Colleague: 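Dumping the structure here so I can ask a few things about it.
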Amino acid sequence: MDQYAGIDVSLECSSVCLVDGSGKILRETKVASEPAALIGWFRSLGQLPERIGLEAGPLSQWLYGGLREAGLAVELLETRHVREAFKSMPVKTDRNDARRIAQLMRLGWFRPVHCKSVAAQETRAILTARKLLQSKLRDVENSLRGVLRGFGLKVGATTERSFAGRIRELVTGHPGLELVAAALLQAHAVLLREFKSLDKHTQKLARAQPCAKLLMTTPSVGPIVALTYAAAIDDPKRFRSSKTTGAHFGLTPKKYQSGQTNYTGRISKIGDASVREALYQAAHVMLTKPVKNCAALKSWAMRIAKRAGMRKAKVALARKLAVILHRMLADAKPFNPMAKAI
């Protein structure tokens with residue numbers, strides 16, 4: 001009889017449950033969260049499971065890659081789908097989660113997700129680190145402004161170069177504030193230096209990657225948007241149609257229909273939030289700045305803006321860009337400004 005397994009991944013040890021085709025639990029145990037340990041345990045069974053499931057998470061992609069290389073039939077499960085399936089269960093433990101994942105694998109009621117390549121994961125890590133440094137820079141600047149404002153010292157408009165000088169000018173003669181400003185400005189200088197270094201590396205990475213370089217032929221799509229989108233797509237062939245990318249990144253409206261009730265809500269906002277943000281920013285630039293070679297797209301979005309407002313037009317244009325960029329990756333062709341926007 002076929003066997004199915006579920007793995008609930010934790011940092012040190014993972015709970016593993018093995019069931020047969022009728023749903024009867026055959027074995028339960030805890031195994032170290034290492035590919036070698038899990039592979040060894042499954043091979044010790046004598047019969048390899050028909051399917052092995054583990055929920056997507058921080059360690060899951062690493063474990064998934066190791067199990068796949070060993071020839072095991074492992075599936076990476078969508079977190080949102082698994083969470084919804086478990087809502088009816090009142091008791092949540094690692095052991096119970098492993099049992100439920102095993103039952104999902106047995107019933108076939110699961111949605112597999114794509115495990116990104118190592119190169120895509122590394123690009124995503126660089127972009128995440130860059131965004132973190134940028135966020136902390138803003139936090140330090142806003143904290144300094146807030147502290148000084150409490151003493152009636154208004155920083156006002158500054159540039160990257162003039163910010164530190166303006167702060168030192170304002171705190172002169174205030175010993176306590178001078179101490180605070182010196183510490184925060186030193187941290188600010190380090191963050192700014194590292195952010196510039198990482199940003200410079202990101203620019204070089206975008207020019208070196210063929211996919212990102214191809215996407216940057218699109219108006220309003222710069223290095224950050226291109227790298228973010230290319231890393232999220234990873235393999236264009238995993239989408240049957242370019243039109244599905246809008247829904248994949250949560251840029252299509254939710255639909256609710258039951259009996260006489262039938263309405264369309266706001267966008268779902270599922271999927272990768274960083275891609276959604278990047279596409280929205282690109283759409284904002286296209287609609288608010290003088291960008292060349294985008295007349296067809298811009299006029300299409302402005303018609304939407306006239307009847308539904310600018311915000312909805314930007315979301316619609318972001319979804320359109322998701323479709324266009326995927327088609328460019330799939331066909332390996334640059335942006336065509338003469339193509340009809342439909």
Side-chain angles (χ1 to χ4, degrees), residues 56 61 78 113-132 134-135 198-252 267-289 291-294 296-298 300-301 313-337 339 341-342:
Q61 295 188 2
E78 185 184 44
V113 296
H114 173 71
C115 183
K116 292 183 175 62
S117 64
V118 175
Q121 293 181 47
E122 289 179 350
T123 300
R124 179 62 182 269
I126 293 171
L127 293 171
T128 302
R130 178 189 176 278
K131 188 174 182 180
L132 176 64
Q134 188 178 43
S135 173
L198 200 54
D199 186 61
K200 187 176 181 180
H201 176 78
T202 304
Q203 305 286 336
K204 291 181 179 179
L205 184 63
R207 291 192 294 268
Q209 284 192 7
C211 290
K213 194 173 181 180
L214 179 69
L215 295 180
M216 285 192 292
T217 61
T218 307
S220 78
V221 173
I224 303 301
V225 177
L227 285 173
T228 301
Y229 189 84
I233 293 295
D234 193 21
D235 180 13
K237 295 180 181 178
R238 67 189 181 97
F239 293 91
R240 293 183 179 179
S241 170
S242 297
K243 292 182 179 180
T244 61
T245 55
H248 181 77
F249 295 120
L251 288 166
T252 53
I267 59 172
S268 64
K269 293 187 178 180
I270 61 174
D272 197 329
S274 63
V275 177
R276 196 161 53 249
E277 179 184 352
L279 292 172
Y280 186 88
Q281 289 176 351
H284 171 79
V285 171
M286 187 177 291
L287 289 181
T288 58
K289 306 293 181 181
V291 182
K292 296 180 180 180
N293 298 326
C294 62
L297 280 174
K298 192 169 184 177
W300 175 84
K314 291 176 184 177
V315 173
L317 183 55
R319 182 198 62 80
K320 180 69 69 177
L321 284 174
V323 176
I324 292 172
L325 295 180
H326 176 268
R327 194 71 259 154
M328 290 167 58
L329 290 175
D331 296 341
K333 294 181 180 179
F335 178 76
N336 180 11
I342 57 174

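Position 1 is the first residue of the sequence; numbering continues from there. Since this is a predicted model, take the numbers as computed values, not measurements.
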Colleague: Taking Asn293 for its side chain and Pro337 for its backbone only, find out whether a donor-acceptor pair lies under 3.5 Å.
Modeller: no

Colleague: Do Ser135 side-chain atoms and Lys131 backbone N/O form a donor-acceptor pair below 3.5 Å?
Modeller: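 No; zero donor-acceptor contacts below 3.5 Å.
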
Colleague: If you compare all heavy atoms of Ala301 against all heavy atoms of Leu287, which two are closest, and at what distance to 0.1 Å?
Modeller: CB-CD2, 3.6 Å

Colleague: Atom OH in Tyr229, atom CG in Leu329: separation rounded to 0.5 Å?
Modeller: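 Between atom OH of Tyr229 and atom CG of Leu329 there are 6.5 Å.
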
Colleague: Between Pro223 and Gln203, what is the shortest heavy-atom contact and its length?
Modeller: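 The answer is CG-OE1, 3.1 Å.
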
Colleague: Are a donor atom and an acceptor atom from the side chains of Asp235 and His114 found within less than 3.5 Å of each other?
Modeller: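 Their side chains do not contain a donor-acceptor pair, so the 3.5 Å distance test is not met.
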
Colleague: Among Leu325, Val221, Thr217, whose side chain to side chain contact (heavy atoms under 4.5 Å, CB included) with Phe335 holds?
Modeller: Thr217

Colleague: Closest heavy-atom contact between Ala212 and Ala206?
Modeller: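 Looks like CB-O, 3.6 Å.
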
Colleague: Roughly how far, to the nearest 0.5 Å, is CD1 of Ile233 from CE of Met328?
Modeller: 12.5 Å

Colleague: Using 30° and 60° as the class boundaries, would you call the ring planes of His326 and Phe239 parallel, tilted or perpendicular?
Modeller: perpendicular

Colleague: For Asp234 and Ala120, work out which heavy atoms get closest and say how close.
Modeller: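 Minimum heavy-atom separation between Asp234 and Ala120: OD1-CB, 3.6 Å.
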
Colleague: Going from NE2 on His248 to OG on Ser242, what distance comes out if it is rounded to the nearest 0.5 angstrom?
Modeller: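 If we round to the nearest 0.5 Å, His248:NE2 and Ser242:OG are 13.0 Å apart.
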
Colleague: Under the side chain to side chain contact (heavy atoms under 4.5 Å, CB included) test, which residues partner Gln281, sequence neighbours left out?
Modeller: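 Gln281: side chain to side chain contact (heavy atoms under 4.5 Å, CB included) contacts with Glu277.
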
Colleague: Looking at side-chain heavy atoms only, is the closest gap between Pro219 and Met286 below 4.5 Å?
Modeller: yes

Colleague: Would you give the length of the straight line joining atom CZ of Arg327 to atom OG of Ser241, rounded to the nearest 0.5 angstrom?
Modeller: 7.5 Å

Colleague: Quick one: does any side-chain atom of Arg276 pair with a main-chain N or O of Ile270 as donor and acceptor, under 3.5 Å?
Modeller: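 Such a contact is found between Arg276 side chain and Ile270 backbone.
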
Colleague: Between Arg319 and Gly246, what is the shortest heavy-atom contact and its length?
Modeller: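 That would be CG-CA, 3.8 Å.
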
Colleague: Quick check: do Arg130 and Leu227 have side-chain heavy atoms less than 4.5 Å from each other?
Modeller: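 Heavy-atom side-chain distance check fails, nothing below 4.5 Å.
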
Colleague: Would you find a donor on one side and an acceptor on the other, under 3.5 Å apart, between the side chain of Tyr280 and the backbone of Ala318?
Modeller: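 No: the side chain of Tyr280 does not pair with the backbone of Ala318.
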
Colleague: If I take atom CE from residue Met216 and atom CZ from residue Arg207, how far apart are they, to the nearest 0.5 angstrom?
Modeller: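 If we round to the nearest 0.5 Å, Met216:CE and Arg207:CZ are 7.5 Å apart.
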
Colleague: Strictly distance-based, threshold 3.5 Å: is any side-chain N or O of Gln121 a donor or acceptor partner for the main-chain N or O of Lys116?
Modeller: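 A pair under 3.5 Å: yes.
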
Colleague: Going from CD1 on Ile224 to CG on Leu205, what distance comes out if it is rounded to the nearest 0.5 angstrom?
Modeller: 9.5 Å

Colleague: Counting only heavy atoms not in Arg238, do more than 12 sit closer than 6.0 Å to its CZ atom?
Modeller: yes

Colleague: Search all heavy atoms of Leu251 against all heavy atoms of Leu279 and return the closest pair with its distance.
Modeller: CD1-CD1, 3.9 Å

